[in-house]
Amino acid sequence: MRDLAIEREMFRRAAALIERRYPSGWGGAGVVRTEQGHYYTSVSIDTANASAVLCIETGAMLEAHKYNERVTHCLCIVRENEHAPFRVLSPCGICQERLRYWGAEVQVGVTAEAEPPLFVPLKQLQPYHWTDAYPPEELEHFEKDECGPCG
């Protein structure tokens, strides 16, 4: 279910990270929110070898995974330069697969002319996902570790 306060906060945090990390020129940032109310942000690594690049939001997903927290929301935004507006990028297919670990109900920001940005459940992006062919218990998925967060 949509929560505009969470979505606005995610956009604010991603935009602030871009402005801080990329004060001029192109910039991009990802943010995930977890069930515990934590926000994790990330950027993509800059490298001359494009095959070594990871999606912008991957680092944020890995932070949530490191602390064994369920991701509830994911957002990726970019801008062409410091004078351009921010644009929401829908999660690519690989990121959709990564996010499926936390379930088909994860809310994701999508590319749309909307203010505030439009969030939809992950399952709406892939209504015929391959995992539907298997019982849920046979698939890798998030399970809360009762021993507490890792450090």
Side-chain angles (χ1 to χ4, degrees), residues 1-23 26-46 53-80 82 84-132 134-151:
M1 188 159 97
R2 290 200 65 187
D3 186 320
L4 292 176
I6 289 170
E7 294 168 8
R8 286 186 177 111
E9 179 63 14
M10 292 179 71
F11 189 90
R12 186 196 69 74
R13 287 176 185 246
L17 177 55
I18 290 171
E19 290 168 352
R20 189 171 56 253
R21 175 64 177 81
Y22 304 100
W26 179 92
V31 59
V32 299
R33 183 197 179 267
T34 67
E35 209 168 45
Q36 289 77 3
H38 297 135
Y39 294 87
Y40 298 108
T41 60
S42 60
V43 298
S44 180
I45 188 167
D46 299 321
V53 173
L54 292 173
C55 297
I56 295 168
E57 61 271 46
T58 304
M61 288 184 221
L62 291 173
E63 282 296 297
H65 186 63
K66 177 173 79 176
Y67 292 109
N68 198 37
E69 295 181 15
R70 179 183 302 277
V71 169
T72 60
H73 295 74
C74 183
L75 175 68
C76 178
I77 66 172
V78 298
R79 67 159 195 225
E80 291 305 312
E82 66 274 21
F86 293 107
R87 292 185 296 180
V88 174
L89 299 183
S90 299
C92 74
I94 299 299
C95 283
Q96 289 179 43
E97 292 297 324
R98 292 173 180 141
L99 289 165
R100 278 280 175 155
Y101 174 74
W102 291 285
E105 296 300 323
V106 173
Q107 296 290 309
V108 295
V110 294
T111 304
E113 294 296 322
E115 185 64 37
L118 177 62
F119 279 72
V120 300
L122 182 60
K123 68 181 176 185
Q124 191 171 324
L125 298 181
Q126 293 181 332
Y128 305 103
H129 196 263
W130 65 268
T131 55
D132 293 340
Y134 298 93
E137 63 273 5
E138 289 183 16
L139 299 168
E140 289 292 324
H141 61 277
F142 176 82
E143 291 186 40
K144 181 67 179 156
D145 182 357
E146 298 303 324
C147 69
C150 305

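In this text the structure is predicted, and so the values were computed from the model without any measurement. Numbers here simply count residues along the sequence, with the first being 1.
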Centroid separation Tyr101 to His65 less than 6.0 Å: yes

Supply the atom-to-atom distance Leu89 CG to Ile77 CD1, rounded to the nearest 0.5 angstrom. 9.0 Å

Hey, can you tell me if Phe11 and Phe86 have their rings parallel, tilted or perpendicular (30° and 60° cut-offs)? perpendicular

Are Glu69 and His38 close enough that a side-chain donor and a side-chain acceptor fall under 3.5 Å? yes

Taking all heavy atoms of Cys55 and all of Cys92, pick out the closest pair and write down the distance. SG-SG, 3.6 Å

Could you pull out the closest heavy-atom pair between Trp102 and Ala64, with the gap in Å? CZ2-CB, 4.5 Å

Take atom CD of Glu140 as the centre, draw a 6.0 Å sphere, and report whether it contains more than 12 heavy atoms from other residues, nucleotides or ligands. no

Donor-acceptor contact present, side-chain Ser44 to main-chain Leu54, <3.5 Å: yes

I want to check something: taking the side chain as every heavy atom from C-beta on, are Arg98 and Thr58 in contact at a cut-off of under 4.5 Å? yes

For Leu139, does the CG atom have more than 12 heavy-atom neighbours from other residues, nucleotides or ligands under 6.0 Å away? yes

Would you list the atom pairs, donor with acceptor, under 3.5 Å between side chains in residues 113-127 and any protein atom, with sequence neighbours excluded?
unit_1, atom_1, unit_2, atom_2, d
Lys123, NZ, Glu105, OE2, 2.6
Gln126, OE1, His129, NE2, 3.1
Gln126, NE2, Gln96, OE1, 3.2

Ile18 side chain near Arg79 side chain, heavy-atom distance below 4.5 Å: yes

Salt-bridged, Arg100 to Glu97, with N to O below 4.0 Å? no

4.5 Å side-chain heavy-atom contact, Thr34 and Tyr67: no

Check whether any side-chain heavy atom of Val78 lies under 4.5 Å from a side-chain heavy atom of Ile56, and answer yes or no. yes

To check you understand the geometry: which heavy-atom pair defines the closest contact between Gly28 and Val43, and what is its length? O-CG1, 3.5 Å

Treating Thr41 as the side-chain partner and Gly30 as the backbone partner, does any N or O pair qualify as donor plus acceptor under 3.5 Å? no

I'd like to know if the side chain of Thr72 and the backbone of Val106 have a donor-acceptor N/O pair within less than 3.5 Å. no

Ala60 to Ser42 - nearest heavy-atom pair and separation: N-OG, 3.0 Å

Contacts of Cys74 meeting side-chain contact (heavy atoms from CB on, under 4.5 Å) (sequence neighbours excluded), chain-then-number -> Val32, Glu57, Met61, Leu99, Val108

Run the salt-bridge test on Arg33 and Asp3 with the 4.0 Å N-O cut-off and return the result as yes or no. no

List the residues meeting ring-ring contact (aromatic ring centres under 6.0 Å, His included) with Tyr22, not counting sequence neighbours, and say none if there are none. Trp26

